[in-house]
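Here is the structure we will look at.
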Amino acid sequence: MSEQAQAHTAEPVPGIPGALQNMPSGVMDMSGQMVVLTWVAFAIAAAALHRLLWKPILKAVGERERTVADALEGAAQARQEVAEVEARGQALVQQAEEDARAVAARAMRDAEAIHAKADAEARADAAARMEEARRIIEGEHRKAFETLRLDAADRLTDALERMLRQNLTEEQKQAYQADLMKEVKL
């Protein structure tokens, strides 16, 4: 029998289809032409994959990297802006607190000035009222004194008229005048 016939009479291998087992044995032999054709097929497949798949993937990855970089840059700018806004807010709060303290201090000074002015005005008003009361009292005192003096003069005049109506001796007149003088005290 020939080699081919012996190859075909070989025992079948379990799990391999019969068509593959009945193939001539030269199919798996390597030839130069087969190696060249394999390399050509590989080059065509690599070029097609590079052009159709690799470039779009690289382009998509590049765009995604730019998007992520832009997002990171935007986040960094947002953080910086937030920090600046917080700093400005803190500065505004501190300025407002300082302004509030200044307004409170100014209000205290103004209140003290108003209090001092009101106190001075009250003292001046009290002094003016005291002076007016003193003048009124002095006027009343003068009126009372004048009334008392006029009353004493009237009594003295009455007493003198009574004395003159009576015929008294000189001693009696002097005694009577002394009694009248005791009654009328100035």
Side-chain angles (χ1 to χ4, degrees), residues 46 48-186:
L49 284 175
H50 180 71
R51 180 176 204 132
L52 297 174
L53 191 61
W54 187 251
K55 281 187 177 180
I57 289 174
L58 288 179
K59 184 178 178 183
V61 167
E63 287 177 9
R64 179 68 181 150
E65 284 178 355
R66 279 193 300 277
T67 303
V68 168
D70 289 345
L72 289 174
E73 184 179 324
Q77 286 178 345
R79 271 189 241 112
Q80 184 179 4
E81 288 175 3
V82 166
E84 289 174 359
V85 166
E86 284 179 356
R88 277 187 266 147
Q90 295 247 341
L92 286 174
V93 166
Q94 288 176 348
Q95 182 65 35
E97 287 174 353
E98 290 174 10
D99 290 347
R101 278 194 227 80
V103 166
R106 191 175 325 119
M108 288 297 289
R109 285 192 307 269
D110 291 348
E112 288 173 1
I114 290 170
H115 180 69
K117 183 179 176 183
D119 188 41
E121 288 176 357
R123 289 181 189 272
D125 188 42
R129 288 183 182 195
M130 288 293 287
E131 182 62 29
E132 181 66 26
R134 189 184 56 78
R135 278 192 294 243
I136 290 171
I137 289 171
E138 284 179 4
E140 292 297 320
H141 184 263
R142 273 186 254 131
K143 284 181 186 176
F145 186 73
E146 187 62 29
T147 303
L148 182 62
R149 191 179 66 79
L150 288 175
D151 186 46
D154 285 344
R155 286 185 182 195
L156 187 59
T157 306
D158 287 343
L160 287 175
E161 282 180 10
R162 276 188 267 146
M163 276 186 1
L164 289 177
R165 287 188 199 142
Q166 295 178 357
N167 289 327
L168 299 176
T169 64
E170 196 58 41
E171 289 174 8
Q172 289 174 337
K173 286 182 184 178
Q174 285 182 359
Y176 188 64
Q177 283 177 354
D179 286 340
L180 284 178
M181 290 305 277
K182 286 179 188 175
E183 286 180 23
V184 177
K185 292 185 180 180
L186 298 178

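No experiment lies behind these values; they were computed from the predicted model shown.
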- Message: Test of understanding: with side-chain hydrogen bond (donor to acceptor under 3.5 Å, both in side chains), list the residues that count as partners of Gln90, not counting sequence neighbours.
- Response: none
Roughly how far, to the nearest 0.5 Å, is the [atom2] atom of [Y] from the [atom1] atom of [X]?
X: Asp151; Y: Phe145; atom1: CG; atom2: CZ; value: 12.5 Å
X: Leu52; Y: His50; atom1: CG; atom2: NE2; value: 10.5 Å
X: Asp119; Y: Glu112; atom1: CG; atom2: CD; value: 12.5 Å
X: Glu84; Y: Gln77; atom1: CD; atom2: CD; value: 10.0 Å

- Message: A side-chain contact here means heavy atoms from C-beta on lying under 4.5 Å apart; do Val82 and Arg79 qualify?
- Response: no
- Task: Could you list the residues that satisfy side-chain contact (heavy atoms from CB on, under 4.5 Å) with Arg129, not counting sequence neighbours?
- Result: Asp125
- Item | side-chain hydrogen bond (donor to acceptor under 3.5 Å, both in side chains) partners of residues 91-106, not counting sequence neighbours, each pair once | Gln95-Asp99
- Query: Taking everything shown except Arg64 itself, do over 12 heavy atoms lie less than 6.0 Å from its CZ?
  - Reply: no
Using the salt bridge (Lys or Arg N to Asp or Glu O under 4.0 Å) criterion, which residues pair with [X]? Sequence neighbours excluded.
X: Glu86; result: none
X: Asp70; result: none
X: Glu121; result: none

- Residue pair Lys143, Glu146: steps toward the side-chain contact (heavy atoms from CB on, under 4.5 Å) verdict: CA-CA 5 Å; Lys143 284 181 186 176; Glu146 187 62 29; 5.6 Å; no
- What's the verdict on salt bridge (Lys or Arg N to Asp or Glu O under 4.0 Å) for Arg135 and Glu132, showing C-alpha distance, side-chain angles and the deciding distance? CA-CA 5 Å; Arg135 278 192 294 243; Glu132 181 66 26; 2.9 Å; yes
